[in-house]
Amino acid sequence: MAKITHKGMWIEIKSLDKEAKSKYILCNVFLLLGALLFGVHLAAIGGIGIESSEEVSSSSPFLVIVRVLSLSFMFIAAWLYKDFFAMQDEFLNRYNEFVLSNGAIAFLFVGFLISILSPYIDYQVTFYEYFLGFALGTVIGGYRFHKKFIG
């Protein structure tokens, strides 16, 4: 089954069997493609402090296609992720739950903290601050899992 490496930050791909490796790599490819297309969407609407592009209408047919493809690719990635983890042992599933629960806690903590401080620092909280909190929490969760169960 999968070997957890880099202090809990990565799964060693060569430790996976052929079918699991295929699903894992495809999941990451679709996730990357969906994220890139989502970045195009954000640039068009003005997300994460980016000024919206005046050259492209936010309801243009091009952006509709980009949004549909982004959502479709993310859905495919989630489906492959679910299938990948269904094939894995209990240890990797526990790792996954540990990392994601730490991400959820950080999502709430960082979001609440920024939200409480926002009137004092004149800052409007958006989804992306919450997401960055989630990402930070998953990194901390991976490290904690490695330290507790592997290292």
Side-chain angles (χ1 to χ4, degrees), residues 1-88 92-115 117-118 121-146:
M1 287 294 151
K3 180 180 177 187
I4 300 165
T5 62
H6 296 87
K7 302 269 188 213
M9 301 298 119
W10 191 251
I11 297 170
E12 190 173 291
I13 295 174
K14 65 182 175 184
S15 69
L16 301 172
D17 64 32
K18 186 176 181 178
E19 186 180 1
K21 186 184 298 186
S22 160
K23 287 185 190 260
Y24 187 71
I25 291 172
L26 272 175
C27 169
N28 285 305
V29 166
F30 277 106
L31 186 64
L32 178 64
L33 291 173
L36 289 172
L37 291 174
F38 190 69
V40 172
H41 158 74
L42 287 179
I45 65 164
I48 320 175
I50 302 170
E51 290 293 322
S52 62
S53 173
E54 299 295 329
E55 298 170 10
V56 179
S57 167
S58 62
S59 62
S60 75
F62 169 74
L63 285 176
V64 170
I65 292 169
V66 164
R67 291 172 183 140
V68 168
L69 284 175
S70 176
L71 187 60
S72 299
F73 289 164
M74 295 287 190
F75 179 74
I76 293 168
W79 190 272
L80 289 166
Y81 182 79
K82 178 192 75 68
D83 285 350
F84 168 74
F85 273 99
M87 299 167 47
Q88 299 305 308
L92 190 66
N93 282 300
R94 187 170 6 155
Y95 164 77
N96 185 52
E97 291 170 1
F98 196 91
V99 167
L100 293 179
S101 64
N102 276 267
I105 291 167
F107 179 95
L108 294 172
F109 179 75
V110 169
F112 286 153
L113 181 64
I114 293 173
S115 178
L117 295 176
S118 68
I121 60 175
D122 194 32
Y123 185 77
Q124 183 63 34
V125 182
T126 64
F127 168 77
Y128 307 103
E129 286 80 12
Y130 289 103
F131 178 75
L132 290 174
F134 176 80
L136 177 65
T138 59
V139 168
I140 292 168
Y143 179 74
R144 287 184 59 227
F145 186 88
H146 182 271

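Position 1 is the first residue of the sequence; numbering continues from there.
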Working to the nearest 0.5 Å, report the span between [atom1] of [X] and [atom2] of [Y].
X: Leu92; Y: Phe85; atom1: CG; atom2: CZ; value: 4.5 Å
X: Thr138; Y: Ile105; atom1: OG1; atom2: CD1; value: 12.0 Å
X: Phe145; Y: Met9; atom1: CZ; atom2: CE; value: 11.5 Å
X: Ile65; Y: Leu69; atom1: CD1; atom2: CG; value: 7.5 Å
X: Leu108; Y: Leu113; atom1: CG; atom2: CG; value: 12.5 Å

Does [atom1] in [X] sit with more than 12 non-hydrogen atoms of other residues, nucleotides or ligands closer than 6.0 Å?
X: Lys7; atom1: NZ; answer: no
X: Phe131; atom1: CZ; answer: no
X: Lys82; atom1: NZ; answer: yes

Fill in: Mutual orientation of the aromatic rings belonging to Phe84 and Tyr24 [parallel < 30°, tilted 30-60°, perpendicular > 60°]
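Tilted.
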
Worksheet item: Any side-chain heavy-atom pair from Leu31 and Tyr81 closer than 4.5 angstrom?
Response: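 With C-beta onward as the side chain, the pair stays apart.
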
Of all heavy-atom pairs between [X] and [Y], which one has the smallest distance, and what is that distance?
X: Ala2; Y: Leu16; value: CB-CD2, 3.4 Å
X: Asn93; Y: Gln88; value: ND2-O, 3.4 Å
X: Ser70; Y: Gly34; value: OG-O, 3.0 Å
X: Ala106; Y: Gly133; value: CB-O, 3.0 Å

Discussion item. Test side-chain contact (heavy atoms from CB on, under 4.5 Å) on Leu80 and Ile76; report intermediate values, then the result.
Written reply: CA-CA 6 Å; Leu80 289 166; Ile76 293 168; 3.9 Å; yes

Item to complete: List the steps and the verdict of ring-ring contact (aromatic ring centres under 6.0 Å, His included) for Tyr143 and His146.
Response: CA-CA 5 Å; Tyr143 179 74; His146 182 271; 7.2 Å; no

Item to complete: Check the pair Leu71 / Phe38 against side-chain contact (heavy atoms from CB on, under 4.5 Å), numbers first and verdict last.
Response: CA-CA 8 Å; Leu71 187 60; Phe38 190 69; over 6 Å; no

